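Structure first, commentary second.
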Amino acid sequence: MSQPDRRRSVALRRVPSYLLLSIIALLFIGPILWMLSGSLKSISEILRYPPTILPETFRWENYVQVFALQPFGRQFLNSVLVMVLVCVVTLIVAIPAGYALGRVRPVGAAAIFVALLSGIFIPPEAVIVPLFQTAADLGWIDTYWPLVLFTALLSTAPVAMFILRQAFVTLPAEFEEAATLDGASRGRTMLQIFLPLVRPSIASAIVFTAWFSWNQFLEPLVYLRSQEMLTVPVALTLFEDPLAGPRWNIQMAATTISVLPVLLVFLVAQRHVVSGLTAGGLKS
Amino acid sequence: MSAGTHSRLAPRRGGRDAGRNTFGLLLLAPQTLGLLVVGLVAVGGVVQLSLTNVNVLAGTREFVGLENYLRIVSDPDMSTILSNTFFFVVVLSVVGTVVALALAVLLNQRLPGINIFRAAIFIPALVTTVAWTLVWRFILQPEGLLDGIVGLVGLGPYPWLRGGWLSLAVFALIQMTKNVGINVMIFLAALQAVPQDLIDAARVDGAGRWVRFRHVVLPQISAAILMVFMLMISGSFKVFELVLLLTNGGPGIQTSVLAFEIYRQAFRLNDIGYAAALAVFLFALVLLLTGIVWQVRRKLVFHESA
Amino acid sequence: MTLEDDLRTQSRVPLIAASLAALSLLVACSGTTSPDETTGGGADDVELRMTIWSANPDHVAKFETLGEEFAEQSPTVSSVTIESFNLADLDTLFTTQIAAGDPPDVSWLPVESSLQYISAGALVDLRGTIDATPDFDYDDFIPSLLERWVDGDAVYGIPFSTGPLIMYYNKDLYAEAGVKNPEELMAEGSWTWEAFRETSAQLSDALGVPGYVLNDFDFQNWTRLLPYMEAYGASPWDEDAATCTMTSPEMVEAMSIFHGMTFDDGSMPIPGQQADFWGGQAAATSAFLGSSANLGDVDFEWGIAPTPGGPAGDVVATGQASIVALAAGNHTPEAAEFVVFLASKDAMAEYSGYFPPIRESVLTPEILVQNSDVLTEDLVQPLIDGIKTNGHVFPVAENNSAVADALNAALDEYLYQPNIDVAEALANVCVEVDPLLG
């Protein structure tokens, strides 16, 4: 087969894949695009039926209103800050735990594993009352302490621990033996040898934790008070006029603003997850 | 290295190496202690509440023992609520995992521009539930977008949000499209961790695509499948937000789920005692469910030797 | 290595667990403060917290300024913080905060919650503070509109926003259909539900758009049906909120009109259908006065009118929200003082441009149109008259959220369906609602 023919046949073979992917992607991205167009409309135009795809007039002022009505820039940074803190706390507790359960396996490992995992099954709506009371007693209201600690320990650390344990378990034991022969202490073995090998799993854990923290609504609603401390999901509900109702167009603009940077981070992180896998020495 | 020479992960015998035990327990200490304190406050508080009859506004609190639990058993709405809940749990976990895996396989191809599609599927996970639901509410209205689409193939307009299995299915669809992205990410990572030489070896042996998938890829990613499955089970309770925003559990309680009932009892009806009892019930159900899955795991997950 | 082996070799872990359990339960239990604990006066650094469901910077600024004024003149209060929240989260926030002993001192409270809070003793009686305040002029408040917050001599809240449900209509659409619009019907003296039903049906037939849509109703909010009910003298429950009266003949009549317009005439949207009056998709809507802000954006000629009358007259259904002091707060005397301060003539004149007051001296056309780009004094005068003479605040039950929930759910299941018998449906509704009343 000649070169152009080969390329053409490769391209043709790819068409069905692209077609399928496009249809599926439409299901996911369609509503987002609608939201994007809604962010540039007036409220009544959004609710109109039949819907208009492109706004009649591009109301860029909606985006200005997002910041005029609330300290949204600060609130966005708050969400980021909380997200980072939750990730840090989660990793600090979950990496050692995952390593311990995956490789060290002390007494009671299986039972401890089950117990640690049980955190994710506790329904948040139910425990918010006692937890809030504790936070109030500790003077933690309108601070990020309860948000970070409770979330990390109950919801994200168990999952991160699970992911990391799995990663550690699947590593061959030769590394450990080699390290012990070299006279490395247990700590060093963990930090310098095993940790780098599970980078992709750490990345996965971070993605999950970040996503979980970012999407939280009930906890920030209850633990935070002042507008300057709020996170994005709660702040979005405050774009509402007490008499005229929710301002959907501004909410959509705010949502768009908050999604874009996170999406960029994701696209960048994606490459690391993939490249981390090839560099991790797993494909020997 | 082929599949057969991955060393058995013989864990060191626990009792013999005291230094090892100390090290291990030390590593576990932060998370265990943290969870213990927070978890006990949370669960202890909830159990305590479940044994009382609290009127928050009046500020009264009286101990009523197991009355709230008995109420769960005798509540006529409970059968509908439970069946709805189980519907979501089963559908979201099974279908959700399968769909996420299928999408991940689809997105695992080395096509130029594949990252755009990956991003497209992930974006809904970043949007708040309120925003996502608002969009869908619009799509689902009578003679709206969805009716229009099914109308193209001659199917009549359907009462999407008016109760029954249809509404539950719609909720499942909305929930799945929102969060599947995160599971796809996890599966993608797992798929790409499958050693290429295993696949190559199988191909050399003459195994077709499907056989390669079933016998080489699946076992390698079985741990990820298990995790996603368990995450979906616990995550299927988040459906309550959708219920809250779209139908408020209605008509009647036709679309209510256990998590929504907890919310409704605690915050709408101010009956946090009963809500707490329901929460304990929910917690027990989930534990039971996941416990079963966990016990079965040994047969399904490769690498789990102990 | 089996699970059993692991379990058998556990030794230290249970002990540690037990002591931690005890510790955390101690922490959990110690936090239970009784809600009627009040810190005595004497301190001069009381910081009050007020919660409002508006994040509008103008509203927040207004109340913050008033808060500062109050703090300056008060010997005990040093500052007032205003916090915004979404009304939909009211129950969540109050439940968690009161249960933990850390509620706001002062708050806006919707009338729907009034009876529940008052019966539970959750609101501070302001009578004492009112009497101790010269120039308060309690009689300035229109008595019929204070009903929901008064019990004998006690006053539990001061209404700061009393908005009537009024009719907005699209003059262009009526002209296009060649049908008499509300203004014309009023001029003829036949502004009743029956007449309105007819013209709406004519309009829908002619133009294919809904003649009437209930704003903010969505088949989930029964209070939007009150214009029908009030016109026929019907109410979902009796005066004492003890028995369900959905089955009364008046109610059957009122609901039959609504049901007919929706399912028989096709002049109102059916469940799930959305029609936006402000976007020109419906000929008329009933909404609160506050929604007039939307009129600035519309591109059709509009008019406003009171809602249609009926056998019971031209009763104006009004929503309401009050400023209250929570009994569970930690500074109830100061909180009561702040509420009374906010209810004074001067203070009310400051914010009544945003929220319709029931202080007669402040309920003037000038103040009402102050912050509106579209309302004029002429337009507003008849509405003011309506409120004063015929205003009737929403009926409220004690367990209002549960009752409202049940009422909405039952109506959804029985009444908002095509091809049903209205009387029968309402009887079924009463079956669901009765147990929760009284």
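Just so it is clear, the model here is predicted, and its values are computed rather than measured.
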Between CG on residue A:L131 and OG1 on residue C:T96, distance to nearest 0.5 Å: 11.5 Å

Partners passing salt bridge (charged side-chain N to carboxylate O under 4.0 Å, His left out) against C:D218 (at least two apart in sequence or in another chain): B:R137

Per-residue contact mode, A:F217 against chain C (heavy atom under 4.5 angstrom): side chain

Which portion of C:L93 sits near chain A, non-hydrogen atoms under 4.5 angstrom: side chain

Segment of A:A135 engaging chain C (4.5 angstrom heavy-atom cut-off): neither

Pairing residues for A:R247 by the salt bridge (charged side-chain N to carboxylate O under 4.0 Å, His left out) criterion, not counting sequence neighbours: none

Engaged part of C:F85 at the chain A interface, taking heavy atoms whose separation is under 4.5 Å: backbone

Most chain C-contacting option - heavy-atom pairs closer than 4.5 Å, from A:L218, A:V129, A:L221: A:L221

Residues 140-152 of chain A: residues contacting chain C (heavy atom under 4.5 Å, by number): A:I141

Any donor-acceptor N/O pair, C:D102 side chain to A:A136 backbone, under 3.5 Å: no

Euclidean distance, A:E240 CD relative to C:S54 OG, rounded to 0.5 Å: 9.5 Å

Residue A:L230 versus chain C: region with a heavy atom under 4.5 Å: neither

Heavy-atom pair count under 4.5 Å with chain A, highest-scoring of C:D89, C:L289, C:T95, C:N56: C:D89

Minimum-distance pair of heavy atoms, taken over all atoms of A:Q133 and C:A100: CA-CB, 3.7 Å

Structural part of C:D216 lying under 4.5 Å from a heavy atom of chain A: neither

Heavy-atom proximity to chain A below 4.5 Å, by part of C:T92: side chain

Exercise: do C:E83 and A:S226 side chains pair donor with acceptor under 3.5 Å: no

Those residues that, when tested against C:D58, pass salt bridge (charged side-chain N to carboxylate O under 4.0 Å, His left out) (two or more places apart): none

